[in-house]
Amino acid sequence: MTNQGNKILKGKTYSLFGNHESTDEYYRVIRELTDLFLKRCPDEKSLLLHIRKAGGGRSSLSKAHDSSLIPFIKKTLTESLSLYTEGVRKHLRDLPLSRRLDSILRTKEVQYHLYMIEIELVNRIYKEAFRNSKYKFALIAHCLRDFRPDCRSIEGDIETICRGCTKECFIHIGSVLLKKYNIHPYISLSMDLDKLFKKIRAEHQSVGALGIACVPELVSGMRLCLKLDIAPVGIPLDANRCARWMGQANESSFNIEELERLLK
Ligand code: SF4
């Protein structure tokens, strides 16, 4: 299955399809933008730090740094990525007070754009460390499963495991590919990633984690991994459509070719 074959999906806040028939154009734009920002700030880790600070609303950049960098990045991202985040403003307007405590749900549009670059940068920086990790696992968002059959997944050693009951299921397709690269795939259901990651970290000498999740969840997972000395990489869902966002579960997809590109 190629990404061109994926159905065009609209998410609650974002869709990597934008106004295209596949998400390939999104990945092309993200790579181009990251290369552009690296021309202004050639050190990948330093750029990552600035991108993160810019998303936090505070900019405590050193005086030696180019102070026009963050405004330039934010302006360029707004111009280039707004077509992928058209639902954010309405979602935030309609978000009830009781749900505003959820930091993922209250992600602002500028943060989505910065997170998109953060994912690309983390992939570039940690891809090699991920590959060289002695133990590699993947957490795949549960909303990627095929909604037609009753999912036959079972509880595994650390998380839920797909049993491959249908060939069309994105979790099955992803799992087959991940196993080819010696990565243990799991369906992500745990609410306590901190506890799960600490357990895995304690059991293995070096750990690499691959996430397939919606943009804000993926960034949150990647940041947690880095705190725990786990090498992270990840692929964002094509759109955010699970019950947490939409009130009811809707099928989703991800770009399989991009996953393979990350693993090769
Ligand atoms: S292929 Fe795996 S994840 Fe998909 S529905 Fe079957 S058991 Fe569940």
Side-chain angles (χ1 to χ4, degrees), residues 1-12 14-17 22-24 104 119 123 130 135-197 199-200 207-222 224-225 230 232-264:
M1 189 188 292
T2 67
N3 184 252
Q4 280 81 0
N6 287 1
K7 263 190 267 173
I8 298 173
L9 297 179
K10 202 169 153 39
K12 180 70 177 181
Y14 81 89
S15 168
L16 305 189
F17 286 92
S22 87
T23 61
D24 294 349
I104 298 286
I119 292 166
N123 283 343
F130 171 80
Y135 176 77
K136 295 188 277 285
F137 73 100
L139 286 182
I140 309 172
H142 62 90
C143 53
L144 282 167
R145 74 175 177 81
D146 192 328
F147 278 61
R148 284 170 297 172
D150 286 333
C151 177
R152 307 234 175 101
S153 58
I154 50 163
E155 196 149 324
D157 51 349
I158 56 162
E159 251 292 13
T160 309
I161 294 174
C162 166
R163 290 179 71 208
C165 64
T166 164
K167 286 195 173 67
E168 282 84 40
C169 175
F170 271 94
I171 292 187
H172 172 64
I173 296 165
S175 297
V176 170
L177 184 60
L178 289 160
K179 282 181 193 165
K180 207 171 105 186
Y181 289 89
N182 201 23
I183 300 162
H184 303 269
Y186 296 94
I187 303 170
S188 179
L189 289 173
S190 168
M191 296 306 285
D192 194 345
L193 285 186
D194 188 72
K195 193 172 158 199
L196 178 68
F197 288 179
K199 179 181 173 326
I200 296 170
V207 181
L210 186 149
I212 303 177
C214 72
V215 168
E217 286 283 10
L218 181 56
V219 166
S220 161
M222 284 175 149
L224 179 60
C225 283
I230 293 174
V233 290
I235 295 286
L237 292 178
D238 288 341
N240 55 339
R241 296 163 51 83
C242 77
R244 186 180 187 189
W245 292 98
M246 290 194 154
Q248 65 173 58
N250 293 284
E251 62 181 359
S252 195
S253 61
F254 68 95
N255 190 315
I256 293 157
E257 285 145 355
E258 285 297 324
L259 175 63
E260 184 136 40
R261 184 187 173 118
L262 191 61
L263 299 176
K264 269 183 186 164

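Remember, it's 1-based here, ligands and their atoms both numbered in the order they're listed. The residues of the chain are indexed from 1 along the displayed sequence. Hydrogens, waters and symmetry mates are skipped; everything else that's a heavy atom, side chains included, is used.
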Under a 3.5 Å distance rule, please check whether N240 uses its side chain to pair with a backbone N or O of V215 as donor and acceptor.
no
Yes or no on side-chain contact (heavy atoms from CB on, under 4.5 Å) for L210 and L259, after CA distance, side-chain angles and deciding distance?
CA-CA 10 Å; L210 186 149; L259 175 63; 3.8 Å; yes
When rounded to the nearest 0.5 angstrom, what distance separates CZ in F130 from CG in L263?
6.5 Å
Would you call I173 and I256 a side-chain contact if the rule is heavy atoms closer than 4.5 Å?
yes
Go through it in stages, so that I can follow the logic: the residues are L16 and N255, the test is side-chain contact (heavy atoms from CB on, under 4.5 Å), and I'd like the CA-CA distance, side-chain angles, deciding distance and then a yes or no.
CA-CA 10 Å; L16 305 189; N255 190 315; over 6 Å; no
Interatomic distance, CD1@I187 vs OG@S153, rounded to 0.5 Å, equals 4.0 Å
Can you sort out which atoms of ligand 1 are near I187, meaning under 4.0 Å from one of its heavy atoms?
3 (S)
If only protein N, O or S atoms under 2.8 Å count, total around atom 4 (Fe) of ligand 1
1
